[in-house]
Amino acid sequence: MYKFVDDLNEHQRAAVTASPHSAVLVLAGPGTGKTKVITARVAYLLLHHKLPPQDVVVATFTKKAANEMVERLAVLLQPYPQIDAKKLLIGTFHSICVRILRKYGGLVGLNAGFKIADETDAKQLIKKVLRVMAESGLDVSLKDSDVKKYRAYISACKNKAQLPDQVPVSKKAGDTSIKLEVYTLYQEELARNNVIDFDDCLLLVHRLLAHHPSCMGRVKHVLVDEFQDTNKVQLELVYQLSGFNENYKHNVTAVGDPDQSIYAFRNAEAENFYRMEDYYRQKGVPVLKVALTQNYRSTSNILTLAEHLMNQQFARREQKYLRAHKKDDIPVQMFACATNKAEASTIAATIKQVVKPNGTQYSDIAILLRSGFLSRVIEQELIHANLPYQVVHGRSFWERREIRLLMDYLRAVASDMDWLGYSRCLDFQVSGLGAKSLLLLEEQLSAQRARNQPGNVYVMLESIARDGMKGITAKARAGIGEFVALIKKARELLLSDATEQQQLEKIFDHIVQHSRVVSVVNEERMDRKGDSQEEIEANLNELKNQLISFNLQEEDLLQDAYAEEDELEVAEQSFDLTASTSLEKLTQFLDSVYLYEETKIAEKTVSKVTITTVHGSKGLEWPVVFVPSLCEGIFPSQHATNDVGDTTKNEAALDEERRCMYVAVTRAKERLYLSYFRETLGFGFGDPVKRKSRFLNLPKGLVKVADTSVASTPNLLSSFQRNIKLNTGSLALGSGFQTASRLTGVSRLPDGAVKISKPRKKRLGMGRPLRFTKK
DNA sequence: AAGGCCACACTTTTT
DNA sequence: GTGTGGCCTT
C-alpha cells in the first residue's frame, strides 16, 4: 500500500491505520518509534484519507520535535508531490495559539501588536504590583522568593483555566485573598502593557474557542505528541479544536508515555491520558489504545535497569516490559567518587578511553544532569582534559544584557503600545530620565486610556519631545527626542525600497549605532570583566544573523477568514501595520524568540560532547550516556527528599524524580555510566556531605561497579591546563573558571583561556542555543 | 538622577 | 563566588 506503512511493526501499524473517526491513544515507551508513528499517521491521514494539510493540527512539545517531524514528513511524502506538508498547522501549543491569537485575538480583547511577556517581564510586573500593594498598607513582602511564589500561583491558576474571577473561593481565605489580589492586579498590568504571558497564550485561545468555536471550525484532525506533558488547558484545547467540525468531530490522535512525565512542576497532568479515554468513551467515540513495547534503542541491560527503577514507583503503574531489539553485552557501569571534582575528572578520563578514531565520536556522548548548575564542575574538568563540549541550555544567550536591550528596541520599532519594552529603552538610553520620570510617563498613558484612547506610547513620546511635559527635564526631553528619532528612522527603513533582508539588517545596524548599547554595556562590565567589547559585538552579530535569516511563516495557514473577523478591533498604530512584510517578519521573530522557540543556528561541524539537563534530553538518544551526581538531595532533588509532612506529596515528588531518572537512563543506546560523590567541593548547595542516591540501590548484577582509581591519578594535567596556569597571571585569582562555567556564559572565559583552546570567536561551550547534532 | 556600597540569593526542571 | 537589587549619598 504505502511503503512507510509497510515499514512499521504490527502495533505501530495498528495505530497509524486506525480509523480517523476515533480517538487513538498510543502509549509509547522510550525508543519504540513514537515519532515514526505520529509522522506516519499524519502522512496516512493526508494521503489515504485525503485530509487537507491546513486542516490538520499537530501539537508538539518543543520546536525541535516539530522541526524533526516536518523533516521526516518531507521524506515520507516525497513520492507524493501533490501533498504540501508545509501547510500543516504544526508547532508547540504555545506557538500555535499565538498564531491563532494574531488573527482572532481581537475577539478576546487583545490589541493588535500585542507582545509576549517572558518570565523576567512577568516577575517585574508582579513586583510592581506588590510594591503598590505594600504602599497602600498591605502586608506583603517584595522578596524574590515571594515574587516567585506568586508567579507560580498565578501560573497554576491559569493552567487550570482559572482567571481571577473563576478561582474557587478556598477555605484558607486570608492567604488566598492576597494571592488573588496580586493575580488580579497582575492581569491589569499585563493588559496595560499590551502583553500576554506564556500561560495566557493558551488560556486566551481556550476562551476564544469557548465563545467562538467556529474560528477553528475547519480542523479535521488533532494530533498531540508528548501527551503526558499536557496541562488541563491543553487537554481542553484538544477537545475544543477537534470538537466543532461535525464531519470530523473528536478525531484525535495522542501519543505519549506516562512514565516519561517530568513536567508536573509545570502543572502537566499525566492522568490526562486516562481522562481523555473516559471523556471520549462517555461521548460514545470509539477509543483505540495501542501500546508500543518493542524498543529499538537500548541494550537489554539498560532496559532491565530502567524497568527495575520504575517498579519502585509509589503510584500505581501499568507494567510495560519493553523488549530489547538489541543484543546486550556492555554492562551498565557505576562509579563512586570522593568529591564532585573527582567525579568530573573520572568522566573526562572515561570519555578519553571510550572515544576512538574510527569508532565512538565526541558527539556520540552526552552528560545528563538533574539541574543546570551542576555543569560547572564538569565543564572545568572537561576543559582541563582538553575535551570539546557544548552545553545545550537554551536561554542563556537571550538573557544577556545586550541581547535583551536590543530586543526591547526591536519591540519598540514593531509596536506603539508596548510600554514594557519602551520603558526599558528609555531607562537605558535617556540620561536624566529615571524611575520618577518613567512613573510620570506611565501616569500620562493611563490618563490617555481613561479618555478611551489606546495609550500610544510612541505618539506620546513624540509630543513630549516636541512640546515638553511638566516634570520632565530639558535634558530628558532632548533624550526622548533622540530616542523617538531613532525609532522613527528605523520605521522609515521598514518602508524603504530594499529587500526584506536588507531592511532588517539596516534597522538593526541603525539601532546598534545610535543606541550606544555596545559602549554602555561594555562599560557596565568593564570594572570586573575587562575587555569584552568584541564579545558584545559578536553576540549582537549573532542576533542580527538570526533576525535576517528568520523564515516567515506562511500565514495562509489560518486563512479562511472567519466571518466575525470584522469585529477585530485593531488599535491604532502610528504607522501602517500592513505596509511591510519586514514588519510582519519582525513581529514573528519576536514572537518566536519569546516563545523559547529554537532558532536556526549554523550547524557546527566539530564533534563535541553534549552536556544538558535531563529535561533537555527528552526525545533524544546517544550511544554513550553519563548520568552523574546521583546523590540524595541532587538526584532525587532536595525538593523531593525534604519531608513536607505530607506523605502523598512526598511520594508524588519522588515518583517524578524517578521518572526523570528513567528518562535519563533510557536515552542511552549502548553504554551507560552512573556515578555519585560523597563530598561537594567549593561553595555549595546544602550539606557538602552527600549520600548515594536511592536510585542507585540496584540489585547485584544490574551494574558493574567500576574502578575509580583513575580519578585520583593526577594525570589529567594537559598542556592545555598548563597553558591556562601560565596565562592566569593577569586574572583575579579564582575568578576565571568559576565565572567561565556559570550557566550565564562560558563565553565570559578570561581571554587567556579562550585563546588557547580555540580561536577567540569560536568560544567554548554555550552562550548560544545550539542545535543537537543529528545522530 | 546617578553612582557606590552592602546584603543576599543562587540550587529543579522550561513552554 | 558572583550577580542583582535596594538603599544610601552626592
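All chains are named by letter (A, B, ...) in the order of the sequence lines, taking the proteins before the strands, and each is independently numbered beginning at 1. Hydrogens, waters and symmetry mates play no part in the numbers below; they use all other heavy atoms, side chains included.
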Side chain of [X] (C-beta onward), nearest among [options]:
{"X": "K127(A)", "options": "dG5(C), dT13(B), dA2(B)", "result": "dG5(C)"}
{"X": "R370(A)", "options": "dT13(B), dA2(B), dT15(B)", "result": "dT13(B)"}
{"X": "E119(A)", "options": "dT13(B), dT15(B), dA1(B)", "result": "dT15(B)"}
{"X": "H615(A)", "options": "dT15(B), dA2(B), dT13(B)", "result": "dT13(B)"}

d([atom1], [X]; [atom2], [N]) in whole Å:
{"X": "N231(A)", "N": "dT15(B)", "atom1": "CG", "atom2": "P", "answer": "14 Å"}
{"X": "D427(A)", "N": "dA1(B)", "atom1": "CG", "atom2": "P", "answer": "10 Å"}
{"X": "Q228(A)", "N": "dT13(B)", "atom1": "CD", "atom2": "P", "answer": "20 Å"}
{"X": "N159(A)", "N": "dT15(B)", "atom1": "CG", "atom2": "P", "answer": "14 Å"}
{"X": "E226(A)", "N": "dT14(B)", "atom1": "CD", "atom2": "P", "answer": "14 Å"}
{"X": "D199(A)", "N": "dT14(B)", "atom1": "CG", "atom2": "P", "answer": "16 Å"}
{"X": "D225(A)", "N": "dT15(B)", "atom1": "CG", "atom2": "P", "answer": "15 Å"}
{"X": "K690(A)", "N": "dT11(B)", "atom1": "NZ", "atom2": "P", "answer": "14 Å"}

Touch check for [X], heavy atoms < 4.0 angstrom, all strands: base, sugar-phosphate only, or nothing?
{"X": "R131(A)", "answer": "sugar-phosphate"}
{"X": "T62(A)", "answer": "nothing"}
{"X": "L202(A)", "answer": "nothing"}

Side chain to side chain contact (heavy atoms under 4.5 Å, CB included) for K128(A) and Y186(A)? Distances and angles first, verdict last.
CA-CA 9 Å; K128(A) 190 170 154 202; Y186(A) 168 73; over 6 Å; no
Donor-acceptor pair, side chain of [X] and main chain of [Y], under 3.5 angstrom:
{"X": "T666(A)", "Y": "Y662(A)", "answer": "yes"}
{"X": "T230(A)", "Y": "L235(A)", "answer": "no"}
{"X": "H206(A)", "Y": "A161(A)", "answer": "no"}

Between F61(A) and Y263(A), is the gap from one ring center to the other below 6.0 Å?
yes
Classify the ring geometry of F227(A) against F273(A): parallel below 30°, tilted from 30° to 60°, perpendicular beyond 60°.
perpendicular
Are dT15(B) and F93(A) stacked, with the base six-membered ring and the side-chain ring centres under 5.5 Å apart and planes under 30°?
no
Are F265(A) and dT13(B) stacked, counting the six-membered base ring, centres under 5.5 Å, planes under 30°?
yes
Using the P atom as the point on both nucleotides, what is the distance between dT11(B) and dT4(C), in whole Å?
13 Å
For [X] and [N], is the shortest distance between a side-chain N/O and OP1 or OP2 below 4.0 Å?
{"X": "K148(A)", "N": "dT11(B)", "value": "no"}
{"X": "T613(A)", "N": "dT14(B)", "value": "yes"}
{"X": "S437(A)", "N": "dA1(B)", "value": "yes"}

